Amino acid sequence: MAKYMGKRFLFTILTLILVTIFLFLLTHVSGADPAKIMLGTNATPEAVEAMRAKLGLDRPWYVQYFSWISDLLHGDLGTSYYRDEKVSDLLVKYFKPTLALAIYSELIAIIIGVPMGIMQAKNKGKASSVIISTITLIGLSIPGFLLGLFLMFFFSVKIKIFPVSGYKAITEGFGEHIKSLVLPSLALGLSQAALITRTTNSAMLEVLNSEYIKTARAKGVNEKTILWKHALRNAMIPIITVCGQSFAVLFGGAVVIETIFNISGLGTLVYNSISNRDYSIIQGAVLVIALVYVVINLLVDVLYGIEDPRIRVGGKK
Amino acid sequence: MEDTIFSVKNLTKEFYSGRKKIIKAVNNVSFELREKETYSLVGESGCGKSTTGRAALRLIEPTSGEIMYHGRDAMKFKGKEMLDFRRRMQMVFQDPYSSLNPRMTIDKIVEEPLIIHKLGNKAEREAKVAEILSKVGIRRDQFKRYPHEFSGGQKQRISMARALILNPEIIVCDEPVSALDVSIQAQVLNLLKKLQDDYNVSYLFISHDMSVVKYISDRIGVMYLGNIVEEADAEDLFANPLHPYTQALLSAVPEADPDIRKERITLHGEIPSPLNVPSGCPFRTRCRYATEECAMSKPELRTVDGSHRVACHNYNK
Amino acid sequence: MSLLEVKNLKTSFKTLRGMVTAIDGVSFNVDKDEMVAIIGESGCGKSVTSQSIMRLYPETDQSVEYEGEVLFNGEDILHIPFKEMAKHRGNDIAMIFQDALASLNPVFTVGDQIIEALRIHKKITKKEAREEAIKLLEQTGIPDAAKRVDAYPHELSGGMRQRAMIALALSCRPQILIADEPTTALDVTIQAQIMEMIVNLNKEYGMGIILITHDLGVVAQHCKRAMVMYLGQIVEEGDVETMFKHPMHPYTKGLIKSVPTTKTDKDKPLYTINGVVPKLSEAGDGCRFCDRCEHATERCFHECPSLKAAGEEGHNVRCFLYE
Amino acid sequence: MKNKITKEHSHKYLVFKKLCSNKLLLIFGILTIVIVIAGILAPVVSPYSPYDMQTSLRLKAPSAAHWFGTDTYGRDVLTRILYGIRMSLVVGILTAVISTVIGIILGLLAGYFNFLDTIIMRISEAMSTIPVFLMAITLMTILGISTKNVIISMSIVYIPLVVTVTRGVALQVREQTYIEAIRSIGAKWPRILFRHMMPNVLSPVIVQATYIFASSMLVEAALSFLSCGIPLPAPSLGNILSEARTVIFSSWWLVTFPGICLIIVILGINILGDALRDLMDPLSN
């Protein structure tokens, strides 16, 4: 187990290094000149040159990369091209709403997805299973932003039980906080719920077809225990995987939903930076989200170990 | 021996398990194959018989040892020589279901070797394919079918056709009948014998089924944990097994004849893991005659009577 | 009254092609102390027979239909509610499967799986169950059982896993043990050990055993009575010695003759049965073996013979040749 | 015997018949086909030009002349939707094809050569740490907004997915005996890889490609909705919705019709994907 986790950890570091190289290359390949962007279109060539020297952009690319990395390791993500603020400060400020949104969406996705998937597998061949699979398919086909617009139109404009937009921090009262995030979380979480339903269903079906389920039945275990103890334990790995991945997807999807619901989170920050071509912020935000993904995956790996003795004992697979 | 066409000497294949542990799957194995003869390697799972077959063909590179083909050193073959070696040495595999490409019709499958070796033009190739397929008992109207439309026995016939089409000298048959139903086994065994007569091929026959081996072989090598422990003419081996392992193996074979209920030598314990081969004689942990000497030194394979060879300290000369 | 009476058992499965009958009219008895073999090649329905007796197929989605009766101590367990069947499984009738690695749940220890079985059917504490589990593992010849009880299936060797599987099946001292190809996946030397153990269970505890196998050797060496199945039907049944020496049904004859033994003459080709086993869905109205039979007459293609007594007592055969 | 009745039908036919028994899916499938055909024939069937602005006709509700109403610039919504579907389909198909072709090649190489496996899979894993949508929008910012760049960015985004799927299947196929057999005959790697392995990894990858097709249409719509996708004034379903954002609560037809069309088309492609998956399932029974 320790060896397995050590290996996973090393891979994680490697992945992160690759991500930084990738992000670094992206901004370099794009040919965008931060100095020009910062100084605006009317800047004189001399001023741009001076700015480039100040930012260190006149150095060779690998020197720039390593100085960027060493800054990163010190928690310094650079300065925004537009606003006179540190990227790290901005990210911290905008991170919380997105995190809250992602957590609630994930909860919705899991609470709906896992039981639906189990029901679908349990009732295989019955009408209820067909209904669930059809709903799932529809859920996968509705764009989050459309769902968001619809929910907003119905619940905020027509019935008026939820606010149209805006985000309330938890410090402004838990009720308000939840209320402000219900619709965005639904808009974001439902498609993931569909995905989790699908995965849970196919994982359960596969397990229920296996020989050891027959053994369990042959020794007299009742069907309920077979489903919830024997089958679910074994189907856990794909379910955990898809839940972990969906969390990262939610962070990505937040860009659109936050814009619609006017939540000032990472998504909005990225969106606003795009029109300004404020690469330092985009770079920072993407890096943070990649970090979230990687950490979640590491947690998922730990869960694998706890879940599956074949990984825990013997370090195989 | 004059008519020896192929021989291996001190063939060894090691695998790495993890970073440091070495598995000696094949340990100093030597045997030779004469013209139009069937030499069998028998043993239980994990004894290294299949690995020996593959290493002898250099399908996996041996760690050390000598492979002589018509007096030439096959370990040094490269490029055209190697391609020619591949052409003269063919293989038939155990699993009929996965040994044929499911996306190709069987006439294409059988034609493929000719294309790889650039033999004949299209018309010639087709004629040859038709001839060989008819020979193994496939009807002309079945040529354009896909493998899944055939039964296991028929698939094994098609595999034979694929191997024979290049006019090989030697065919390595890796458990060719063990995946087949009993009534089909007999058909394939008969076919193997008939084809040997018609095409003058030699077989290196790998199997765990003693009765089948007895029926098909001229000479037999018994393997245990990567070593050949006894080698003899087929009749001789069954009439007069010398190694305690061979004796136990023969007595354990359930004969499909209620009259032959023999005195059984039950071996206790299990085959040791190849990661942890006992010192000295590999069989000593399960041998009822084991002495101190057996733990000290490894017995060499020595000739006792004509072509009968055995590796055991306790056999009195 | 026999311990287990199977009467006219017919099992059909729902497939895309409609209901397909996998076994058709299988009848046999198993007495206490008796070891009966069901012989057949793949697809003959021998495993379906055993799993139908245990009712292991999920019945909630109507994908399986049973007809006939399975009487255990006189009670028809084929038609009692599915839930009640669970009480018999493991407790009265237990089963061991071919592939022990696939048949043991990978996420629970061997001990946990035995303890679970014990606690379903007996009112005992966890601690008692654990001690019982260790005892069972010892009985099945697992060395160091007190330690192995906490091992996961993947940590054991093939032979050990099959022993653990047997320990699990024995946990509630069932009256009938169904062994479905228990030694097929094992090496011959290990095979011999496991078969010896199964034979002992039969002798010492008087457990009725149904041995399902394709290996004629195993049957010839260990069983007294056997049934031969072909395409979902029993084609011949009787005493092993007589049947192996004087097989009656052309299929049984062919099967026995085509298997090489160490006494087979090497210079003669082996006897073979022509053709291949047809698909279940292609079975016609006539005798199911007619396409491959040397003796088939016009009648065989239109009419299916029934299983009738022939030869010695207790010997039945499904063939017009013996009418 | 009742077993014999449907004997002559192939397995695929039976699966297809079973799929058609789900009426709801069937209806959506047929609707999709209608919409897709209308989209393909947009220049022929649409009564107006998608770019003609008529200020006098601003934001008119659906009528006999304009079935789906008009937008803020007085353009016919139906016409724009038809052209928009065309655009979305083209972008989706190209994305699916490009990412699949590149992904299959990389995935096969990774699945066959151990040394390439580590390199390709590490890079692919690093790329997939960035969520699909975020990655697409980042690439769009850097490459600049144009239709071509939408296709390029989305193709890049989906390549790791195809690589992972292909490699997974390739690893299984590589272990099949027929690959060992063809190697034992003396075949070289390009032949093994592209003649023997590729046809056998294709089915799951094609199923994956249809999902990419659907999912890339979703992403394209979202990108365009945020004005980072297809540049205006070209119609795409995302663009139409994006332009409608400001008047969304007063002019319902501007969101409803393009929204429903988008959902139906994506649903239809997903149904196609599921059907392919079931049809290509290795022959059971």
Side-chain angles (χ1 to χ4, degrees), chain A residues 11 14-23 26-27 29-32 130-131 133-134 137-138 140-146 149-150 152-153 157 164 191 245 248-256 259-260 266-267 270-271 273-275 277 279 282-283 285-287 289-294 297, chain D residues 21-22 24-25 28 118 122-145 211 214-215 217-223 225-228 237-238 241-242 244-245 248-249 252 255-256 258-260 262-271 273-274:
Chain A
F11 274 142
L14 188 64
T15 306
L16 277 178
I17 292 172
L18 283 170
V19 172
T20 59
I21 292 175
F22 180 68
L23 282 174
L26 272 188
T27 41
V29 166
S30 71
V130 178
I131 292 170
S133 92
T134 311
L137 204 52
I138 295 172
L140 281 174
S141 310
I142 300 179
F145 68 92
L146 260 183
L149 288 176
F150 169 78
M152 196 195 272
F153 180 68
V157 180
V164 177
S191 66
Q245 277 167 357
V249 173
L250 292 170
F251 265 86
V255 182
V256 206
T259 335
I260 294 174
L266 279 184
V270 168
Y271 179 63
S273 312
I274 285 167
S275 36
R277 311 196 82 188
Y279 292 127
I282 298 178
Q283 233 174 18
V286 171
L287 202 59
I289 290 169
L291 194 66
V292 170
Y293 178 91
V294 160
N297 258 328
Chain D
S21 66
N22 189 336
L24 193 61
L25 293 188
F28 275 117
T118 328
R122 283 301 128 215
I123 293 176
S124 154
E125 194 171 286
M127 280 171 78
S128 41
T129 55
I130 304 165
V132 167
F133 187 69
L134 193 65
M135 178 91 147
I137 206 168
T138 311
L139 286 169
M140 281 309 290
T141 332
I142 284 155
L143 296 173
I145 289 164
Y211 293 135
S215 148
M217 282 179 69
L218 276 176
V219 172
E220 182 271 319
L223 282 176
F225 184 74
L226 294 182
S227 320
C228 294
L237 293 173
L241 290 163
S242 172
R245 261 179 87 183
I248 212 159
F249 300 123
W252 57 269
V255 181
T256 314
I260 288 175
L262 180 62
I263 293 171
I264 290 178
V265 173
I266 292 174
L267 184 59
I269 298 167
N270 277 329
I271 292 171
D274 281 5

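What you see is a predicted model, and the numbers here were worked out from it, not measured in a lab. Protein chains get the first letters and strands the later ones, always in sequence-line order, with residue 1 at the start of each.
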Using non-hydrogen atoms and a 4.5 Å limit, figure out which bit of [X] sits close to chain D: side chain, backbone, both or neither.
{"X": "A:Leu250", "result": "neither"}
{"X": "A:Val294", "result": "side chain"}
{"X": "A:Leu146", "result": "side chain"}
{"X": "A:Val256", "result": "both"}
{"X": "A:Leu140", "result": "both"}
{"X": "A:Leu14", "result": "side chain"}

Between [options], which shows the greatest number of heavy-atom pairs under 4.5 Å with chain D?
{"options": "A:Ile21, A:Val270, A:Ile142", "value": "A:Ile142"}
{"options": "A:Leu137, A:Val19, A:Val157, A:Leu149", "value": "A:Leu137"}
{"options": "A:Ile260, A:Val292, A:Leu291", "value": "A:Ile260"}
{"options": "A:Asn297, A:Ile289, A:Val249", "value": "A:Ile289"}

In this structure, OG1 of D:Thr129 is separated from CG of A:Leu16 (nearest 0.5 Å) by 7.5 Å
Enter the distance from A:Ser191:OG to D:Leu218:CG here, rounded to the nearest 0.5 Å.
8.5 Å
Can you tell me which of [options] forms the most heavy-atom pairs within a distance under 4.5 Å of chain A?
{"options": "D:Ile137, D:Val132, D:Thr256", "value": "D:Ile137"}
{"options": "D:Leu223, D:Ile264, D:Leu226, D:Leu262", "value": "D:Leu226"}
{"options": "D:Ala221, D:Ser227, D:Gly268", "value": "D:Ala221"}
{"options": "D:Thr138, D:Thr141, D:Ile123", "value": "D:Thr141"}

Could you pull out the closest heavy-atom pair between [X] and [Y], with the gap in Å?
{"X": "A:Ser141", "Y": "D:Asn270", "value": "OG-ND2, 2.9 Å"}
{"X": "D:Pro131", "Y": "A:Gly252", "value": "CB-CA, 3.7 Å"}
{"X": "D:Ala126", "Y": "A:Thr15", "value": "CA-CG2, 3.6 Å"}
{"X": "A:Ile274", "Y": "D:Cys228", "value": "CG2-SG, 4.0 Å"}

Measure distances from [X] to the heavy atoms of chain A and classify the residue's part below 4.5 Å as side chain, backbone, both or neither.
{"X": "D:Ala214", "result": "neither"}
{"X": "D:Met135", "result": "side chain"}
{"X": "D:Ile145", "result": "neither"}

Indicate yes or no: at least one non-hydrogen side-chain atom of [X] is less than 4.5 angstrom from one of [Y].
{"X": "D:Leu267", "Y": "A:Ile138", "answer": "yes"}
{"X": "D:Ile130", "Y": "A:Phe22", "answer": "yes"}
{"X": "D:Ile142", "Y": "A:Tyr279", "answer": "yes"}
{"X": "D:Val219", "Y": "A:Pro143", "answer": "no"}

Test side-chain contact (heavy atoms from CB on, under 4.5 Å) on A:Phe145 and D:Leu241 and set out the steps.
CA-CA 10 Å; A:Phe145 68 92; D:Leu241 290 163; 3.7 Å; yes
